[in-house]
Amino acid sequence: MPELPEVETVVRELKAYLPGKKIKRISVYWHKTFVNECTQKAEGQTVHSLSRRGKYIIINLDRSALIVHLRMTGQLLFQQTAETTINAFHVRTALHFDDGSRLLFNDARKFGRIYHVVSVNKRLQKVGIDAMDAQFSATDFYRMLQSRKMNSKAFLLSQQFVAGMGNIYVDESLFRAGIHPASVSSKISRTDAEKLFKVIRRVLTFAIQNMGSTISDYRDANGKVGNAQKFFYVYQQQGKPCVKCGTIIKKIKLAGRGTHFCPECQRLFI
DNA sequence: CTAATCACCTGAAGGC
DNA sequence: TGCCTTCAGGTGATTA
């Protein structure tokens with residue numbers, strides 16, 4: 001489910017709630033959800049800060065960290081008091097804080113994970129630079145594209161080059177940049193790579209401003225849906241006319257995923 | 001290195 | 001109504 005904008009929305013909200021709270025107890029209701037990779041206990045530690053890298057939510061504690069990945073249907077829901085009504089029918093893990101508030105990890109499909117680690121960098125060493133990282137430049141992006149022969153859809157979906165985009169924002173970005181998803185990454189021109197870089201930033205920023213996209217399961221930390229899905233140009237728009245040229249938007253399978261694009265105005269680099 | 005296919009899970013939607 | 005198939009925001013392992 002959630003990609004960078006959705007994860008960013010959750011992190012921003014949790015920053016207002018969690019820092020300073022002490023973890024009293026952790027309840028694990030589905031054993032695979034909570035992966036403990038360090039010897040110290042998370043219980044008794046205080047939340048120090050929150051950050052994000054790609055689609056990973058990082059909850060920094062005093063001496064270790066919790067790394068949360070929502071995968072397809074995960075939700076991190078903040079519950080102020082035990083009496084607060086909350087829609088969570090698949091709670092897999094709950095963090096109970098000493099002031100009575102809780103952070104619920106709700107996840108219908110059980111794909112999501114919470115890793116308890118000492119070194120965040122070591123755990124995320126295979127994750128590439130965050131798409132919104134200020135240090136990330138169009139030149140870096142062009143060099144990355146040059147180094148691979150994968151199709152651009154697979155390239156952008158892979159988290160090892162640029163982290164944060166998933167199926168929705170890859171399709172939306174490629175459409176706005178006018179690049180066909182089957183284009184070979186190393187064949188994309190410098191000009192088009194720069195255009196794609198700028199488009200990615202714009203698409204993600206817009207989605208963050210709209211609190212992310214809700215297709216079915218995504219909810220923010222307050223249980224609210226996003227609004228960015230109202231502005232899709234190609235994702236789930238198959239059969240409808242392209243907003244630029246009127247050609248019917250197609251849906252094909254590429255890199256194992258449903259891929260939406262305009263066959264007329266997205267150029268194929270081969 | 002790259003591409004494709006599973007596997008992990010559940011629930012919703014569509015076909016018959 | 002009910003059964004069966006297909007599909008879904010992701011990623012990691014395995015197989016060609």
Side-chain angles (χ1 to χ4, degrees), chain A residues 1-11 29-35 37 52-57 67-76 87-93 105-115 123-128 130-131 144-174 181-187 203-204 207-208 210-220 224-232 234-239 251-260 270:
Chain A
M1 81 183 227
E3 306 179 28
L4 188 152
E6 292 75 36
V7 174
E8 177 65 20
T9 301
V10 171
V11 168
Y29 305 110
W30 176 250
H31 69 106
K32 288 185 179 177
T33 298
F34 193 85
V35 184
E37 296 181 347
R52 178 188 62 71
R53 175 133 157 231
K55 300 172 194 168
Y56 293 88
I57 295 162
I67 302 178
V68 183
H69 198 302
L70 304 173
R71 293 287 183 99
M72 301 285 264
T73 55
Q75 304 167 341
L76 273 185
N87 275 327
F89 302 103
H90 308 283
V91 177
R92 308 306 180 189
T93 292
F105 185 66
N106 193 55
D107 183 18
R109 285 177 74 179
K110 298 179 177 173
F111 287 169
R113 293 289 181 267
I114 300 177
Y115 304 96
R123 191 67 187 70
L124 302 184
Q125 61 183 344
K126 288 177 186 163
V127 180
D130 189 88
M144 284 180 195
L145 284 167
Q146 285 289 295
S147 73
R148 299 288 162 154
K149 293 173 184 167
M150 316 165 88
N151 61 63
S152 50
K153 170 88 180 193
F155 180 91
L156 293 177
L157 279 178
S158 168
Q159 302 298 298
Q160 66 167 312
F161 309 110
V162 182
M165 272 176 291
N167 213 31
I168 293 175
Y169 300 110
V170 166
D171 282 6
E172 290 295 322
S173 297
L174 287 171
S183 295
V184 175
S185 50
S186 62
K187 302 286 185 180
V203 165
L204 295 178
I208 291 168
N210 284 277
M211 313 293 278
S213 302
T214 293
I215 302 305
S216 60
D217 297 280
Y218 171 70
R219 299 292 183 279
D220 67 16
K224 294 186 175 150
V225 298
N227 294 302
Q229 70 282 1
K230 296 170 185 167
F231 307 97
F232 291 163
V234 287
Y235 186 80
Q236 290 189 341
Q237 304 303 303
Q238 63 272 24
K251 181 180 180 183
I252 59 169
K253 196 146 202 149
L254 191 60
R257 314 294 299 279
T259 300
H260 315 74
I270 291 290

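Closest to the side chain of A:Met150, from the set C:dA8, B:dA3, C:dG10, is B:dA3. The side chain of A:Lys110 lies closest to B:dT10 when the candidates are B:dT10, C:dA8, C:dG10. When distances are taken from the side chain of A:Met72 to each of B:dC9, C:dG12, C:dA8, the shortest belongs to C:dA8. Distances were taken from every side-chain heavy atom of A:Arg148 (C-beta onward) to each of C:dA8, B:dG11, B:dC1; the shortest belongs to B:dC1. Distance from the side chain of A:Lys253 is smallest to C:dA8 among C:dG10, C:dT11, C:dA8. Checked against B:dC9, B:dA3, C:dT11, the side chain of A:Lys32 finds its nearest nucleotide in B:dC9.
Among the heavy atoms of the strands, none lies under 4.0 Å from A:Lys126. Using a 4.0 Å heavy-atom criterion, one finds that A:Phe89 contacts no nucleic acid atom at all. Residue contacts shown for A:Gly166 are limited to sugar-phosphate atoms, with no base heavy atom under 4.0 Å away. Nucleic acid contact for A:Phe155: none, since no nucleic acid atom lies under 4.0 Å from a heavy atom of the residue.
Here A:Gln159 pairs with A:Lys55, A:Ala163 under the side chain to side chain contact (heavy atoms under 4.5 Å, CB included) rule; sequence neighbours left out. Taking A:Glu172 as the reference, A:Arg176 meet the side chain to side chain donor-acceptor pair (under 3.5 Å) condition, with sequence neighbours excluded. Scored by the ring-ring contact (aromatic ring centres under 6.0 Å, His included) test, A:Phe161 finds A:Phe155 as partners (sequence neighbours excluded). Partners of A:Ser216 according to the side chain to side chain contact (heavy atoms under 4.5 Å, CB included) rule, which considers only residues two or more places apart in sequence or in another chain, do not exist here. Annotation: side chain to side chain donor-acceptor pair (under 3.5 Å) contacts of A:Tyr56 (sequence neighbours excluded): none.
Minimum heavy-atom separation, A:Arg113 to A:Phe111: NH1-O, 3.3 Å. A:Ser147 and A:Met144 make their closest contact through OG-O, 2.7 Å (heavy atoms, listed as atom of the first residue, atom of the second, distance).
A stacking contact links A:Phe111 to B:dC8: the aromatic ring centre lies within less than 5.5 Å of the base's six-membered ring centre, and the planes differ by less than 30°.
Nucleotides B:dC6 and C:dT5 place their P atoms 16 Å apart, quoted to the nearest Å. On the P atoms, C:dC3 is 25 Å away from B:dC9, given to the nearest whole Å.
Base pairing in DNA chain C gives the following stems of 3 or more Watson-Crick or G-U pairs, range against range and under 3.5 Å: B:2-8 with C:10-16, B:10-16 with C:2-8.
For A:Arg257 against C:dA8, no side-chain N or O and base N or O form a donor-acceptor pair under 3.5 Å.
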